[in-house]
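Structure record follows, encoded as C-alpha cells.
First the proteins, then the strands, lettered A, B, ... as listed; each starts at 1.
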There are 4 protein chains.
Amino acid sequence: MGTSPDFTATPESPLRVAVAGASGYAGGEILRLLLGHPAYQEGSLVIGALTAGGNAGATLREFHPHLLPLADRVLGATDIDTLLGHDVVFLGLPHGHSAVIAEQLPETTVVIDCGADFRLENAADWQRWYGSDHAGTWPYGMPELPGKRDALVGATRIAVPGCYPTSASLALAPAVAAGIVEPVVNIVAVSGTSGAGKSPKVDLLGSEVMGSVRAYGVGGAHRHTPEIKQNLSALAGTDVKVSFTPVLAPMPRGILATCTAPTTVTVAEARAVYEKAYADEPFVQLLPEGALPATGAVVGSNAVQIAVTVDADAGLLVVVAAIDNLTKGTAGAAVQSMNLALGLPETAGLSTVGVAP
Amino acid sequence: MGTSPDFTATPESPLRVAVAGASGYAGGEILRLLLGHPAYQEGSLVIGALTAGGNAGATLREFHPHLLPLADRVLGATDIDTLLGHDVVFLGLPHGHSAVIAEQLPETTVVIDCGADFRLENAADWQRWYGSDHAGTWPYGMPELPGKRDALVGATRIAVPGCYPTSASLALAPAVAAGIVEPVVNIVAVSGTSGAGKSPKVDLLGSEVMGSVRAYGVGGAHRHTPEIKQNLSALAGTDVKVSFTPVLAPMPRGILATCTAPTTVTVAEARAVYEKAYADEPFVQLLPEGALPATGAVVGSNAVQIAVTVDADAGLLVVVAAIDNLTKGTAGAAVQSMNLALGLPETAGLSTVGVAP
Amino acid sequence: MGTSPDFTATPESPLRVAVAGASGYAGGEILRLLLGHPAYQEGSLVIGALTAGGNAGATLREFHPHLLPLADRVLGATDIDTLLGHDVVFLGLPHGHSAVIAEQLPETTVVIDCGADFRLENAADWQRWYGSDHAGTWPYGMPELPGKRDALVGATRIAVPGCYPTSASLALAPAVAAGIVEPVVNIVAVSGTSGAGKSPKVDLLGSEVMGSVRAYGVGGAHRHTPEIKQNLSALAGTDVKVSFTPVLAPMPRGILATCTAPTTVTVAEARAVYEKAYADEPFVQLLPEGALPATGAVVGSNAVQIAVTVDADAGLLVVVAAIDNLTKGTAGAAVQSMNLALGLPETAGLSTVGVAP
Amino acid sequence: MGTSPDFTATPESPLRVAVAGASGYAGGEILRLLLGHPAYQEGSLVIGALTAGGNAGATLREFHPHLLPLADRVLGATDIDTLLGHDVVFLGLPHGHSAVIAEQLPETTVVIDCGADFRLENAADWQRWYGSDHAGTWPYGMPELPGKRDALVGATRIAVPGCYPTSASLALAPAVAAGIVEPVVNIVAVSGTSGAGKSPKVDLLGSEVMGSVRAYGVGGAHRHTPEIKQNLSALAGTDVKVSFTPVLAPMPRGILATCTAPTTVTVAEARAVYEKAYADEPFVQLLPEGALPATGAVVGSNAVQIAVTVDADAGLLVVVAAIDNLTKGTAGAAVQSMNLALGLPETAGLSTVGVAP
C-alpha cells in the first residue's frame with residue numbers, strides 16, 4: 001500500500017477526484033460535500049469522473065436534482081478506464097465490488113471505500129458475515145478512535161466505517177477504553193431510510209415506511225455487528241459482547257443510537273471520561289447535562305452529538321448518540337479521511353452545523 | 001369498590017357512556033372505537049356526555065374532525081354534574097385529576113381511567129415518581145397478564161395501563177414468568193408522537209418532529225419505568241432490573257419495543273414459551289420465525305405483534321413488539337376492559353386489522 | 001351484461017368473494033373493508049380466492065401484515081381457474097388486464113374493476129390516453145353523481161372511478177350541474193403515495209418522498225384528466241375545460257383537491273347548491289363555513305369532506321375536497337358499489353369515521 | 001433612508017451582525033447561513049447580538065441545537081439597547097414589531113426585515129389585510145424581479161419578500177412581464193410547516209400534520225395574496241387577478257407552487273421567454289423539458305427550480321416552482337439582499353446545492 005504524494009494542488013495543477021457509484025446516496029452525499037469544499041471552491045480540487053453501474057449514460061440530474069452545479073454531468077461506466085487518472089477515487093459501491101476496482105488503481109491513488117470490503121480485520125469474520133473471501137483490511141476512517149487518525153495521514157487506501165458502527169463506536173469508545181463499563185453492551189439504533197440504499201424495494205417504498213417503524217436484523221443478524229465488536233474489543237483489550245438491533249424510522253437521514261453497558265461509576269465520573277476523550281475532537285460534541293441529542297440537529301452535518309448519563313437503578317451507563325448516517329456515517333467520514341490523507345485541514349468542507357428544522 | 005350491575009342493556013334501555021377529556025387523543029380514540037362497537041351500532045350503548053377542560057363549549061369537530069357522526073356534539077365541562085347519570089365513564093385526564101372525579105361517582109358506575117393515578121401498587125413508588133400522595137390501586141386493564149383478566153370481570157374501577165408498559169410487559173411477560181431469562185431487562189421503545197398528548201409544545205411541533213428521532217427520559221427517568229418493573233417483578237417473583245429508554249419517532253401512532261434479557265435457552269424453547277402463553281389471546285400474535293413486526297401494521301388495531309428470537313452470540317433473548325399506542329396502548333385496552341367489566345364479548349368493537357399503508 | 005341474481009346469502013349459503021391483485025394496495029384495502037363488513041362478520045360473506053400475479057404462492061402476510069385474520073392465506077394465480085366459482089370478483093390489476101379476466105367470468109358474476117379499463121365512454125379518448133383498443137364502458141361506481149346510483153343496482157360489471165376523479169368530480173359536480181360556474185375548471189390535487197401503487201420504483205422510495213412534494217403529469221398529461229372531463233361535461237351538458245395537476249405529498253394516504261371555477265354567485269348561493277345536492281348522501285359531508293378539510297380526518301374512512309367558498313376578488317368558486325384515495329378513492333367505492341349491486345345497505349362495511357391522528 | 005457606508009470590513013474591523021428573533025425559524029436559518037458565509041469564516045463578519053422576545057436569557061441550544069458553534073450563546077432582549085452598535089440587523093419578528101425597532105436604529109444601519117411590515121406599497125392594502133396603519137415600503141428583497149436588484153445595492157432598509165410570493169412571483173413574472181398570459185393567474189402552493197412558525201399551536205403539532213395535508217386561507221383569504229398581486233400587476237402594467245390557495249403538507253421545509261394562466265403561446269415560446277428572463281440569475285434554474293421540480297431538491301439551498309409547460313387542451317401556461325421557504329423564501333433572500341446592500345458578491349454564503357435525500 002502506497003503513501004500519498006505530497007499534496008500541493010493549486011488551481012493550476014488541481015487535484016482530480018472521481019466518484020464511483022455517483023448515482024447512489026453515498027455518492028451523492030460525497031458530491032454535495034465536495035461542492036462545498038474550500039479546495040473545490042478555490043479551484044484546487046476538480047470533480048472528475050462520475051460513474052454508475054446500470055445508470056451510466058444518464059445525467060446526474062436524474063438521480064441528484066439537488067446537485068445543480070453538476071446536474072448536466074453524464075455518468076460514466078464504473079470501470080478502470082474511466083477511473084484512472086484521478087488523484088482520489090471515492091467508491092460508493094455494493095460490497096464485493098471495491099476490491100476489483102482498487103487493485104487496478106495505482107498505489108499512489110487515494111482510494112476511499114465507503115463499502116464494507118476492507119473494514120473487518122478478521123478473515124473468519126468476513127467469511128461468516130459476507131460469505132466470501134476476505135479482501136484485506138485498510139486503514140479505518142474513524143479518526144476519533146485511539147490510534148486511527150495517525151494511520152490515515154498519508155494513507156492511499158481507506159475503509160470508511162459503517163454508519164451504525166460510527167454511532168455505536170463513538171458512543172461507547174471512551175467508556176470501554178477507560179474500563180468504566182463491563183464488556184457487555186446493548187445497542188438499539190434507529191436509522192433513517194437512506195442507510196438502506198437506493199435500490200427500489202417494496203419494503204422501502206414511501207407508502208411502507210411512512211407512519212411506521214420496524215426492527216430488522218434482529219438477534220445479532222446485522223452485518224454491522226462484527227464491526228462494532230471489532231472496534232470495542234480492540235479498545236477493551238478483551239472480547240466485548242455486543243447486542244445490536246437496528247430499527248428503521250420514517251425519515252430519510254439520521255441515526256440515533258441508544259447504548260447501555262453495566263457500570264458502577266457516577267454520572268460525573270462517566271462524563272469526565274467522555275470530556276477528556278473528546279476534548280479536542282472537532283466533530284464530537286458532548287452535550288451538557290440534561291440535553292439529549294436529536295437526529296434532526298445533525299442533518300447534513302458531520303457532527304456527533306452525544307449525551308452521557310447513568311441509570312443508577314439499573315446499574316447502567318446510558319449513552320445516546322446522534323449522527324447523520326450519510327454525512328458523519330458515510331460521506332463526511334470519507335471526506336474527513338481524504339483531508340487527513342492529503343494533509344488538508346481535517347475539517348475542510350465539513351460542518352458541525354445541521355440543516356434544521 | 002363496587003361490582004357492576006347485571007348488564008342487560010338493550011335499545012330500549014341502553015348503556016350510557018361518558019368520556020371525560022374527549023378533546024384529547026385518548027378521548028378521541030375511545031370515541032372512535034365506541035362508534036364502531038356493535039353495542040353502539042345496535043343502539044344498546046349510547047354516547048352521552050363528552051367533556052373537556054379548557055375546551056368546554058366547543059364542538060367536537062374542532063378537535064376530532066375524523067369523528068363525523070359526533071362532529072356537532074358540544075363539549076361539556078369535566079365535572080361531576082356532567083358525568084353523573086352514566087353507566088360507564090372513561091377518564092382521559094392528566095394524572096392527578098382522575099381521583100377527584102372518581103370518588104364523586106357512584107360505586108356502581110364503571111370508571112375506566114386512562115391516566116396513571118391508579119396503576120402503581122406501591123405508595124412509595126407513586127410518591128417518588130409523581131411527587132404526590134398515592135390515590136390507590138385499581139384492577140389493571142391488561143387481561144393478557146396472568147390473573148388480571150378475572151379481576152376485570154365485573155369491576156367498576158379500572159386502571160388502563162400505560163402505553164409503553166403495555167408493549168414492554170407483553171413482550172417480556174412470558175419469558176419472565178417462565179423463568180427463561182435473568183431478571184435484568186433492557187427496553188428501548190420507539191413511539192409515535194400522539195403518546196405525548198395534544199398540549200401544544202414547541203418540541204412536539206411538526207417542524208421539530210418530522211425528519212428527526214430523539215430519545216427522552218434517558219437513564220431510567222421516564223415515569224413508565226416503575227410500572228414496567230411492577231408488572232415484571234410480580235411475574236418473576238423477584239425484583240426485576242429494568243432499563244427503559246423511550247425514543248420519539250416522526251409518526252403519529254405506534255410503539256415498537258425492542259426488549260432483551262439474558263438467557264441460555266434456544267430460540268425454539270423461547271418460542272414454545274410464548275406460543276403457550278399467548279395461544280388463547282385474541283389480540284396477541286406471535287409472528288412466525290423470520291417475520292418482524294412493524295408499527296404500521298397495527299395502526300388503529302388492538303393487536304400486539306410479537307417476534308421472539310435469541311441472539312446466541314450475545315446470550316440474549318430478543319423480543320420485539322409492536323402496538324398502536326392509542327389503541328392497544330390506551331383506548332383499545334380501555335374498551336377491552338369495559339367489555340370484560342360488563343360481561344360483553346372481550347373483543348367487541350376491537351379489531352386485529354390495522355389500517356395500512 | 002347480466003343482472004345479479006337475487007342476493008339471499010346466509011351463513012348456510014354464503015356469498016363467495018374473490019380478490020384479484022390481492023397483494024397490491026387496492027386489493028389490501030378491499031380486504032380490510034371486507035373483514036369489517038357485517039356480512040363477513042355474520043358469516044354470510046366469505047373471502048375466497050386471493051390472487052396475485054408474480055406473487056402467487058406467497059402468504060398474504062408478506063404483503064399485508066396488517067390483515068392478521070388472513071395472514072396465512074396463500075395467494076393464488078390470477079387466472080380464470082382460480083377466480084371461477086365466486087359470486088363477486090374484485091379486480092385490482094394494472095390497466096389492460098381486467099378485460100381478459102372479465103370476459104371469461106360468467107355474466108352473473110359481479111365483477112368490480114378498480115382499474116381504468118372500463119371507465120371512459122369515448123373510444124377515441126381511451127386510444128389517446130392508453131394507446132390501445134377500448135374494452136368498453138361499465139356502470140360507473142360513483143353513486144353520488146346524478147343517475148349513477150340506479151345503474152349500479154343489480155349491475156354485474158362495475159368500473160370503480162379513479163381516485164383523483166373521485167375527489168375532483170365530487171368537489172365540482174354540484175356547481176357544474178347547477179350551472180353556477182363557467183365550464184372552465186382548475187384542479188390541483190395533492191395525493192399520498194399509495195396512489196402510485198406498490199411496484200418498487202426509485203422515485204417512490206421513502207428516502208425520496210419524505211420531506212418533499214413534487215408535481216407530476218403537469219400540463220394536462222395525467223390519465224385521470226379525461227375521466228374528470230367526462231364526468232363534468234356530462235353534468236354541464238357542454239364540454240368542460242379541465243386543468244388538472246397532481247402533486248405527490250409525503251404521506252401514504254389521502255387526496256386533497258383544490259378546485260376553482262369562475263362564478264358570479266355568492267358563497268351562500270353556492271353553499272345552498274351543495275347542501276341540496278348532497279343532503280342525502282351518506283358519505284359526502286359539506287363542512288360548516290370556516291371549516292376546511294384535512295386528509296388526515298378521512299384516513300381509512302369512506303367520507304368525502306368538502307368546503308365550499310367564493311373568492312370574490314378573483315371571481316372564483318373555490319371548493320376543497322378531502323378523501324382517502326384507497327378508501328373512497330378506490331376500495332371503499334368498490335365495496336359501496338358491491339353493496340348496491342347486491343341489494344345490501346349501501347353503507348354496509350363502510351364508515352365516515354377516520355383513523356386520526 | 002440612508003445609504004450603507006462603504007463596506008471594507010476586515011478581520012481587524014469586522015462587520016457586526018445582529019439577529020432579532022433568533023429563537024424562531026427565520027432567525028435560525030439566517031444564523032445557519034451566516035455561519036457558512038465566507039465573510040464569517042474569514043473573520044470579517046462577526047455574529048453579535050442574538051435576541052428573542054419571551055426567550056431572552058436562554059441559550060441558543062434550546063432552540064437551535066443544530067447551530068453547534070453558537071449553542072452556548074445567551075439570547076438577549078429584543079430592544080434597542082441590545083441591537084445598537086451593529087452594522088447589520090436582521091429582524092425575524094411577528095408583523096407589527098419591526099417598525100418600532102427600525103425607527104430607533106441609525107439610518108446607516110442595514111436593517112433587513114423578514115416580516116411583512118414594509119412589503120406592501122399600498123396603504124389601503126395594508127389596512128385591509130393587517131388592520132393597522134401602514135408603516136411604509138422598503139426596497140424589496142427579490143433581486144430577480146425587474147428593477148429590484150439595483151434598488152438593493154447600498155440600501156439600508158430592506159423588506160424580505162414572503163415565502164409564498166417568492167415562489168409564485170418567480171414562477172409567473174417572466175410570463176406576465178412578457179405579456180404571454182392573460183392577467184388571470186391561479187396558484188396552489190403546497191408548503192412545509194416551518195412557514196407557519198414556531199409558536200406552539202395544536203394544529204401544528206406533529207401528530208396533527210404528519211399523514212395529512214390541508215388547505216387554509218382558502219378563497220383568497222391569505223395575507224400573501226396582495227403581495228403576489230402587487231408583484232405581478234407591476235410587471236403586467238395592469239391589475240392581475242390572483243387566486244391563491246396555500247396547502248400545508250407534512251414536511252418541515254419547502255414550497256411547491258403550481259401556477260396557471262391562460263395563454264395561446266406554444267411551450268417553446270413560453271420556455272424561450274423564461275430562458276431569457278432567467279439566463280443570468282444565479283439562483284433560478286429553468287429545468288429541461290420533462291424534468292419537474294421537487295422541494296426535496298432545494299432543501300437548505302437558495303435555488304428556485306422551475307418547470308414551464310403548456311396545457312394545450314386547457315389553453316393554459318403551467319409553471320411549477322420549488323423553493324425552500326426558509327432559505328430562498330426567507331433567510332436566503334435576506335442574506336442575498338445583505339450581500340447586495342453591502343457590495344459583497346451576491347451569492348456569497350448561498351448555495352444552489354440542496355441537502356437530499
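Both the backbone and the side chain of B:Ser207 come within less than 4.5 Å of a heavy atom in chain A. Contacts between A:Pro250 and chain B at a heavy-atom distance below 4.5 Å involve backbone atoms as well as side-chain atoms. Proximity to chain B (any heavy atom under 4.5 Å) is shown, for A:Ala322, by neither the backbone nor the side chain. Only the side chain of A:Val247 has a heavy atom closer than 4.5 Å to any heavy atom of chain B. Both the backbone and the side chain of A:Ser243 have a heavy atom closer than 4.5 Å to some heavy atom of chain B.
Counting heavy-atom pairs closer than 4.5 Å to chain A, the top residue among B:Val318, B:Asn186, B:Thr258 is B:Asn186. Taking chain B as the reference chain and counting heavy-atom pairs below 4.5 Å, the highest number among A:Leu248, A:Thr260, A:Val310 is found for A:Thr260. Looking only at heavy-atom pairs under 4.5 Å with chain B, the residue among A:Val188, A:Thr309, A:Val185 that has the most is A:Val188. Of the listed residues (A:Gly219, A:Gly211, A:Ala249), the one with the most heavy-atom contacts under 4.5 Å to chain B is A:Gly219. Chain B forms the most heavy-atom pairs under 4.5 Å with one residue out of A:Leu316, A:Thr245, A:Asp313, and that residue is A:Asp313. Here B:Ala294 is the residue among B:Ala297, B:Ala221, B:Ala294, B:Gly220 with the most heavy-atom pairs under 4.5 Å with chain A.
Minimum interatomic distance between A:Thr295 and B:Ser212 (heavy atoms only, all atoms of both residues): OG1-CA, 3.3 Å. Smallest separation of non-hydrogen atoms from A:Arg214 and B:Pro293: CB-O, 3.5 Å. Nearest heavy atoms, B:Ala215 versus A:Val320: CB-CG1, 4.1 Å.
Remark: B:Lys241 does not engage A:Asp311 in a salt bridge, criterion side-chain N to carboxylate O under 4.0 Å.
Put simply, the side chain of A:Val213 reaches to within 4.5 Å of the side chain of B:Met251, judged on heavy atoms.
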